[in-house]
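For reference, the structure I am asking about is given below.
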Amino acid sequence: MKKLVCLVLALMMSLMCVSALAAEKVGVSMPTKDLQRWNQDGDYLYQKLTEAGYEVDLQFASNDVQQQLNQVTNMINNGCTVIVIAAIEGSSLGSALDLAKEKGVTVIAYDRLLMESDAVSYYATFDNYMVGTKQGTYIKEALDLDNAAGPFALEITAGDPGDNNARYFYQGAIDVLQPYIDAGKLTIKSGQIEFTDVATPTWKTEVAQTRADSILASFYADGSSIDAWLCSNDSTALGVTNALEANYDGEWPIITGQDCDISNVKNMIAGKQAMSVFKDTRTLAAQVVKMVGQILAGETVDVNDTETYDNNKIVVPSFLCEPVFADVNNYAELLLDSGYYTADQLQ
Ligand code: BGC
């Protein structure tokens, strides 16, 4: 009898040990491997969450909404307790989010807000509006719009209408530039200024390039120059740069960007792109790992904005990290000294 009790006790203890060791599963769903930033975000999240002791299911969705929907659904069915999602299209994951809610899985919207759902618990991102104001302010200062007579020629390339961030970037920049457009100091020869006219579906370089090609052919083939081209991010800035290199002979315009992608930093060093906005993926990933820990420990989750991000169902409590402006004068300090890139990567 004694032997039996000992055996049962030993069995119970080993079972307890196994369940104590079984790591919580965290799902990480990234939109695509096509753009440098999502590979970096995915890698950092994987690394930091693994170091924190979680089992991580990291998936990339080839910019295919159905694929992302399937991946997130599988994460839920495979026992993830927290899922971190950077959506391809903010409004397209409804059924997976409903399932998450039903199964008590906590969802964190990563970088891009998940729309039209009350199953989103938190949002971690960079201050998207501030990204746009930094781009607009750069153009304003570089052209000295408060003092110079102008008029200066401006064109605009914005982001993907399916990405909730894109309108914030656009609006942040336009709010800085609109007074100068109204005053006639900035002219937009193409006449394309509304977000829907300047948007770049999928954020793709090639899509931005095709639109820039057609603007150049239609409005600048007479040799007139462009002073600034506001681009919401680096993939679109690259498209605009390619188009200008192929079809434009005038003075090189100020081109803005965002992300500090390697090709764009190289272009900054070569004088082809004036600035980018640095969003240190390490900062965002660290914040999300902290959030995950707080959620799983049942602690209060750190947020610093409870008003801005309304997803049409709820206002999602958010943590906004601060983006930093980068150009040829500070890139070395920002990107090399901090170990974000090695000098070799920028050769
Ligand atoms: C991100 C940007 C990125 C863009 C294209 C946005 O949601 O915030 O950093 O450049 O998507 O991937």
Side-chain angles (χ1 to χ4, degrees), residues 29-45 60-65 68 84-93 108-115 120 123-135 157-173 195 198-209 230-241 255-265 267-268 273 275-285 287-288 308-309 311 316 318-326 335 340:
S29 169
M30 292 285 120
T32 174
K33 270 185 167 270
D34 287 354
L35 290 193
Q36 186 194 319
R37 79 150 293 186
W38 303 115
N39 289 289
Q40 253 164 1
D41 286 82
D43 286 351
Y44 278 128
L45 281 168
F60 293 84
S62 323
N63 256 339
D64 175 341
V65 171
Q68 187 165 43
V84 180
I85 305 174
I88 297 165
E89 245 178 45
S91 312
S92 301
L93 294 175
I108 302 174
Y110 183 86
D111 195 274
R112 299 171 170 175
L113 187 57
L114 291 157
M115 305 299 290
V120 190
Y123 180 35
T125 191
F126 285 88
D127 188 328
N128 296 304
Y129 184 83
M130 195 191 283
V131 169
T133 61
K134 285 188 189 282
Q135 295 166 334
T157 295
D160 183 353
D163 173 357
N164 187 57
N165 289 354
R167 281 174 197 272
Y168 283 90
F169 302 145
Y170 167 84
Q171 205 55 52
F195 176 76
V198 300
T200 310
T202 71
W203 287 103
K204 280 214 159 125
T205 297
E206 298 72 25
V207 179
Q209 185 167 344
L230 170 71
C231 296
S232 284
N233 85 331
D234 280 353
S235 59
T236 55
L238 208 55
V240 166
T241 305
I255 298 175
T256 65
Q258 161 183 204
D259 292 335
C260 287
D261 283 350
I262 290 178
S263 324
N264 300 74
V265 179
N267 276 353
M268 262 176 3
Q273 182 172 322
M275 64 86 77
S276 189
V277 176
F278 180 44
K279 305 199 299 190
D280 193 331
T281 28
R282 296 169 299 188
T283 314
L284 189 56
Q287 194 58 44
V288 168
T308 309
Y309 287 99
N311 77 354
V316 184
S318 307
F319 193 97
L320 308 185
C321 302
E322 196 172 322
V324 181
F325 139 92
L335 304 173
Y340 197 75

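This is a predicted model, so every value here is computed, not measured. We count ligands from 1, going down the list as the structure has it; atoms in each ligand are counted the same way. Computed over heavy atoms, backbone and side chain alike; hydrogens, waters and symmetry mates excluded. Numbers for residues simply follow the sequence, beginning at 1.
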Arg112 heavy atoms within 4.0 Å reach ligand 1 at atoms 4 (C), 5 (C), 6 (C), 7 (O), 11 (O), 12 (O)
So the atoms of ligand 1 within less than 4.0 Å of a heavy atom of Asp111 turn out to be 1 (C), 6 (C), 7 (O), 8 (O)
Taking atom types as modelled, find out whether Gln68 and Ser29 have a side-chain donor-acceptor pair closer than 3.5 angstrom. yes
Which residues share a salt bridge (charged side-chain N to carboxylate O under 4.0 Å, His left out) with Asp127, sequence neighbours left out: none
What protein heavy atom sits nearest atom 12 (O) of ligand 1, and how far off is it? Trp38 NE1, 3.0 Å
Is Thr200 reaching over with its side chain to a backbone N or O of Ala158, donor-acceptor style, under 3.5 angstrom? yes
One finds that the ligand 1 atoms under 4.0 Å from a non-hydrogen atom of Phe169 are 8 (O)
Give yes if a backbone or side-chain nitrogen or oxygen of Ser235 is under 3.5 Å from a nitrogen or oxygen of ligand 1, and no if not. no
Identify, for atom 4 (C) of ligand 1, the protein heavy atom at the shortest distance, and state residue, atom and that distance. Trp203 CE2, 3.5 Å
Within the 4.0 Å heavy-atom shell around Lys279, which atoms of ligand 1 are there? 1 (C), 2 (C), 8 (O), 9 (O)
Report the C-alpha distance between Leu284 and Tyr44 in whole Å, list the side-chain angles of each, state the deciding distance to 0.1 Å, and finish with yes or no for side-chain contact (heavy atoms from CB on, under 4.5 Å). CA-CA 9 Å; Leu284 189 56; Tyr44 278 128; over 6 Å; no
Under 4.0 Å to a heavy atom of Asp163 - the qualifying atoms of ligand 1, by number: 6 (C), 7 (O), 11 (O)
Considering only heavy atoms, does Phe126 approach ligand 1 within less than 4.0 Å through its side chain, its backbone, both, or neither? neither
Go through the structure and list residues passing salt bridge (charged side-chain N to carboxylate O under 4.0 Å, His left out) with Arg167, not counting sequence neighbours. none
Assess, by modelled atom type and distance only, whether the side chains of Asp163 and Trp203 contain a donor and an acceptor separated by less than 3.5 Å. yes
Selection from Asn233, Asp259, Leu284, Asn164 by shortest heavy-atom distance to atom 9 (O) of ligand 1: Asp259
Minimum heavy-atom separation for Phe169 and Gln135, please, with both atom names. O-OE1, 4.5 Å
A student checking ligand 1 against Leu35 at a 4.0 Å heavy-atom cut-off should list atoms 5 (C), 12 (O)
Against Arg37, only a single residue in Asp234, Asp111, Asp261 fulfils salt bridge (Lys or Arg N to Asp or Glu O under 4.0 Å); can you say which? Asp111
